[in-house]
Each structure stands twice: as structure tokens, then as C-alpha cells.
Asks: 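Handing you a structure now.
Residue numbers start from 1 in every chain, and the chains themselves are labelled A, B, ... in the order their sequence lines are given, proteins ahead of strands.
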Number of protein chains: 2
Amino acid sequence: MNSCAFRGQAIFKEAGIMKIAEPTVERLVLYYRLLSQLHNEERRVVSSQEIGEMLGLKASQVRKDLSYFGEIGKRGVGYHVDRLYQHISNILSPNRVWKIALVGVGRLGEALLGHKALRSDKFKLEALFDNDPSKVGQVICGIPCYDSEEMTEIIRRKEIEVLILTVPAGAAQISADRAVAAGTVKGVLTFATTAISVPEDVLVYRVDISVELEKLLFFLKGSVA
Amino acid sequence: MNSCAFRGQAIFKEAGIMKIAEPTVERLVLYYRLLSQLHNEERRVVSSQEIGEMLGLKASQVRKDLSYFGEIGKRGVGYHVDRLYQHISNILSPNRVWKIALVGVGRLGEALLGHKALRSDKFKLEALFDNDPSKVGQVICGIPCYDSEEMTEIIRRKEIEVLILTVPAGAAQISADRAVAAGTVKGVLTFATTAISVPEDVLVYRVDISVELEKLLFFLKGSVA
DNA sequence: AATCCCCCGTGATTATTATAACAAATGATT
DNA sequence: AATCATTTGTTATAATAATCACGGGGGATT
């Protein structure tokens, strides 16, 4: 592990920091959840084989993912649950608490406000934005809701770094523009069904429910025939 | 096009039907949306280059995706908008209207009920399920809500083929089991943060909001440093 | 009609991701 | 202590997906 002439799938960036592939990070989150559960069950040790079975992955995939971050397992034994749990927790933990804002307090936005995903100590939800007068000025789920018009100013003042976009397709680009104009936004998670264009140093992740449904139906057509 | 000795990335299945890769299908949906928009703008012709720019893809990617389904463009000119729109529409159209049910009428479930994604003539939402007595027996957004206990029977009777799961993690597996027990379910779109296990002929797609957020934060940590 | 610039379709190439295979480490058992 | 059954970490290989590169059709212009 960690020679400079590393030639595997994880690559060293110029700065010397390892670049982890997105599918690996995605699985790390799954491992983390599973480990949390095993931890609660007071399980002591688990093998890559078992992890794979529980998550529907090959054992070799599991081992490869986990090995990117050092030799954390024990040969002939497996992975010590608490140690691995702690280890993955460290990998996934941000180096600070991110300040985030949610734009679009419609049904989906409100659903997210109550969703487990937004209950994390990795970030702090500092502001909501909407253009519905009945919502602006309110405190919803403990978070103040501001007028979308004031977005740039408030995001800048509060130094919001991450944006969750739950607005209709037509409002996605303008919302992104206003937010990015503040200069503090580094990442966006959008649920809108439109592509949004942002400066290239802003990271965008998209969750597109329609696309997932369409894919499901497409492959159903093929498999059921 | 369409020799039997085809050796490209799209592969013929035994039955002679072409197998399209998932990333391609995902992009087809994006092309479809874009074409719909161009159609409304009465645009006549569009090139792979332009499509790529609008969606953030390489022109060669666009051409390759579209070429899987025959020579639909015109060399030296581009793609005829209406023709391509119709063509992609045909590819994505199911050969019948799927009957679907939504399990878990909480905030997320209700958000989906109002969401554009569920407004499609490709499927018909026939039933809701929940175990909250205040919801069971109601008609919500025009769809009757039944008790989760009766799921197997009702799904069988109504011949529901696709399931949308918006239940808490703890209820995901039991819900899937009850639904699958009916014997009619072919596909599941789950929003639960647990892996569900189903017979292997049932297709499962997962939308995991927490995972997307975690990924975003992980890569932000790396890029902002 | 000859020339030019466009732009598609597709084979070749490269990049990315997943899987297989195996040496080395570990603890149990004899 | 020697053997055995495990199970990791890692390299090698395979599978998948994206990109390049180019042949050739197509229309506009001279």
C-alpha cells in the first residue's frame, strides 16, 4: 500500500491525495449503514464475503473498496466491525460542518425536510427559499424561509456552501444562478428535471425520479416481453 | 446496421432483441426531454454537437447512443427534430400501460403523488397502501388507499406490476415481501435506504437521497480541501 | 459540376469499473 | 510445531463504457 508508483484503480492526484471513484464512494455509504447495523447487533467480526451477501456485491469488490484506505482487515479473520465502522465513518466525515440551503419548499422540499437524509450532523440547514408569499417569513421545521429574490444576498451573508434544489423545472436555472452569484456555493443537489449550467468548479449531483422510472419501465418491457 | 455479426457495444440477446446499456437508456430520456422542448420551439434540425452542448455530453456519445436504433440522422445535416423525437418516443414507449401501486403515503409518498414523474400515460396508479388508519379508506389525489395488511390480495386482484416504495427503512422488506407474494409484481422503484431482497426476476431500481448527499459532500471535501 | 464545409455512423482506441486469482497472514486443530 | 481452513490485500484479467478518428454522404457556393 501507498507506493508512489501505484498503478491500481485508485489514482493519486497531483497533490498526493488519492482519488476514489464514485461507485466506490457510493458503496462506502452502503458499508457504513450496514456496519452501523452490525455494530448495534454487537457483532464483532464480519468478512467481505458476508458483507457482499448482505449488500448484493461480490466479496472481491468489497475487499477492493475497503483496501483503498489501508489495510483495515485481518487476514484469515475478517474485518473488526467497530474498527471498520469507525474507519469508514472517518473517510466519509467532512472536515467541517457544511452550511446548506434548500430552495423550493413545495411538496418535495417539505418531504425532504422531514426525511432522514437531512438529519445529519455533517451539515446544517440554515435557510429555505421560496417565492410563495404564504411561506416567506415563516419558520418551517425550525428553519427560516426567505424570499427567492433575496437568495444571492442571504446565501452570501450566511456563507451557504451547498444547495438543495427542489423547484419546478422552469425555476431551476434562475435559482441556480442566483445562488451561485453569491460566490460561496460549492455544490448542488438538484431534483429538477432540467440540466442546470453552473461554473465548472461547482459540483452538481442530480436525482431524477422520472429518469429512474423510465429506465425501470424500459427494462421491464425487455424482460417481460 | 443490423447484421447478425454485430460486434459493437450494443449486443444482441439470444432472442434477437438488442440489449441497450443502462447509461444509454438514461441518456435517451434526456434526449427525449430536450427533443420535446426543441419540438415546441419549432426547431427543425439539430446536430449531435448541439445536443451534446445542451446536455453536457460529447457529440460522439450522442451519435453512438442514437445510432443503436438505426440510421435516424442525415449525414452532413443533422437530426430532424420531429422525426428523432418520434423515434425516441417509440423506443421509450412501453408496449402497454403498466399498473402501479405506491406503498407508504408519508411526506415523500405524497410528494411523489403530486410530482410530474407520476403524471405519465405509460402507467396507471391504481392503489396506495399505508398502515396509518387515518389514511386507509381515504381517496388521496384520486387514488384509493388500502391497508398494508391487504397488500398481497389487492395487488393480485388488480394485477399490479410495478411498485413504488416510499416507506421507512424498517418497513421496506416486509412491504416488498407482501407485494411480491401476489406474484404479479415485475419491478420495484424503492426510495428506502435499505437493500431489499426480492426474487431475481423482479427488477429493482433504487433512488437513495442520502447516498447522493453523502457522495456530494465526500467529493466536495476533496475538491475544496 | 467541382469544391468546400458539415455532420452522421461506426470501427478502433482508450478509460473506467468489476471480477478472478493467488500469495501471504491468521488462528484453530492436531 | 506442523497442518489446515480461512480470509485479506493486491495484481492480473475481463467486462463495460466513453471517446477518438475517419470514411463517406449531403448540401451550399462558386
Asks: Round to a whole Å and report the spacing from CD of Glu71(B) to P of dT10(C).
Replies: 5 Å
Asks: Output a table of nitrogen or oxygen pairs between the protein and nucleotides 25-27 of chain C separated by less than 3.5 Å.
Replies:
unit_1: dT26(C); atom_1: O4'; unit_2: Arg75(A); atom_2: O; d: 2.9
unit_1: dG27(C); atom_1: OP1; unit_2: Lys74(A); atom_2: NZ; d: 3.4

Asks: Roughly how far, to the nearest 0.5 Å, is CG of Asp65(A) from OG1 of Thr24(A)?
Replies: 4.5 Å
Asks: For the residue pair Glu22(B) and Tyr205(B), confirm or rule out a side-chain donor-acceptor distance under 3.5 Å.
Replies: yes
Asks: Tell me which nucleotide among dG9(C), dT11(D), dA21(C) gets nearest to the side chain of Ser60(A).
Replies: dA21(C)
Asks: With a 4.0 Å cut-off, would you call Arg33(B) and Asp208(A) a salt bridge?
Replies: yes
Asks: Of all residues at least two apart in sequence or in a different chain, which pass the side-chain contact (heavy atoms from CB on, under 4.5 Å) check with Lys74(A)?
Replies: Val77(A)
Asks: With the threshold set at under 4.0 Å for non-hydrogen atoms, list the residues of residues 41-48 of chain A touching DNA chain D in residue-number order.
Replies: Ser47(A), Ser48(A)
Asks: Round to the nearest Å and state the distance from Gln61(B) atom CD to dA17(D) atom C1'.
Replies: 8 Å
Asks: My understanding is that only residues two or more places apart in sequence, or in another chain, count here; which of them pass side chain to side chain donor-acceptor pair (under 3.5 Å) with Arg43(B)?
Replies: Glu50(B)
Asks: Measure NZ/Lys58(A) against C1'/dT7(D) and give the value in whole Å, please.
Replies: 17 Å
Asks: Which residue pairs satisfy the side chain to side chain donor-acceptor pair (under 3.5 Å) criterion with at least one member in residues 107-122 of chain A, sequence neighbours excluded?
Replies: Lys116(A)-Thr193(B), Lys122(A)-Glu214(B)
Asks: Not counting sequence neighbours, list each pair that qualifies as a ring-ring contact (aromatic ring centres under 6.0 Å, His included) and has a residue in residues 33-55 of chain A.
Replies: His39(A)-Tyr85(A)
Asks: Determine all donor-acceptor pairs shorter than 3.5 Å in which one atom belongs to a side chain in residues 161-175 of chain A; sequence neighbours excluded.
Replies:
unit_1: Glu161(A); atom_1: OE2; unit_2: Arg96(A); atom_2: NH1; d: 2.4
unit_1: Thr166(A); atom_1: OG1; unit_2: Val103(A); atom_2: O; d: 3.1
unit_1: Thr166(A); atom_1: OG1; unit_2: Gly104(A); atom_2: O; d: 2.6
unit_1: Gln173(A); atom_1: OE1; unit_2: Ser197(A); atom_2: N; d: 2.9
unit_1: Gln173(A); atom_1: NE2; unit_2: Asp177(A); atom_2: OD1; d: 2.8
unit_1: Gln173(A); atom_1: NE2; unit_2: Ser197(A); atom_2: O; d: 3.0
unit_1: Ser175(A); atom_1: OG; unit_2: Ala171(A); atom_2: O; d: 2.7

Asks: For His80(B), give me all partners under ring pair (Phe, Tyr, Trp, His ring centres under 6.0 Å), at least two apart in sequence or on another chain.
Replies: none
Asks: Mind checking if Ile51(A) touches a base, just sugar-phosphate, or nothing, with heavy atoms under 4.0 Å?
Replies: nothing
Asks: Is the side chain of Ser48(A) donor-acceptor paired with the backbone N or O of Arg63(A) at a distance under 3.5 Å, no angle test?
Replies: no
Asks: So what does Leu66(B) hit on the nucleic acid, given a heavy-atom distance under 4.0 Å: a base, only sugar-phosphate, or nothing?
Replies: nothing
Asks: Does any residue of residues 79-89 of chain A have a heavy atom under 4.0 Å from DNA chain D, and if so, which ones, in number order?
Replies: Tyr79(A)
Asks: Which heavy atom in Ser93(A) sits nearest to a heavy atom in Lys221(B), and how many Å separate them?
Replies: O-NZ, 2.7 Å
Asks: Kindly calculate the angle separating the two end axes of the helix from dA1(C)-dT30(D) to dT30(C)-dA1(D), each obtained from five base pairs, and round it to 10 degrees.
Replies: 10°
Asks: Got a sec? Which of residues 23-39 of chain A come in under 4.0 Å of DNA chain D, heavy atoms?
Replies: none
Asks: Name all residues meeting the side-chain contact (heavy atoms from CB on, under 4.5 Å) criterion together with Ala181(A); count only those two or more places apart in sequence or in a different chain, and write none if there are none.
Replies: Thr152(A)
Asks: Specify the closest pair of heavy atoms between Leu203(B) and Leu220(A), including all atoms of both residues, with the distance to one decimal.
Replies: CD2-N, 3.9 Å
Asks: Write down the atom of Leu92(B), the atom of Val29(B), and the distance for their closest heavy-atom approach.
Replies: CD1-CA, 4.0 Å
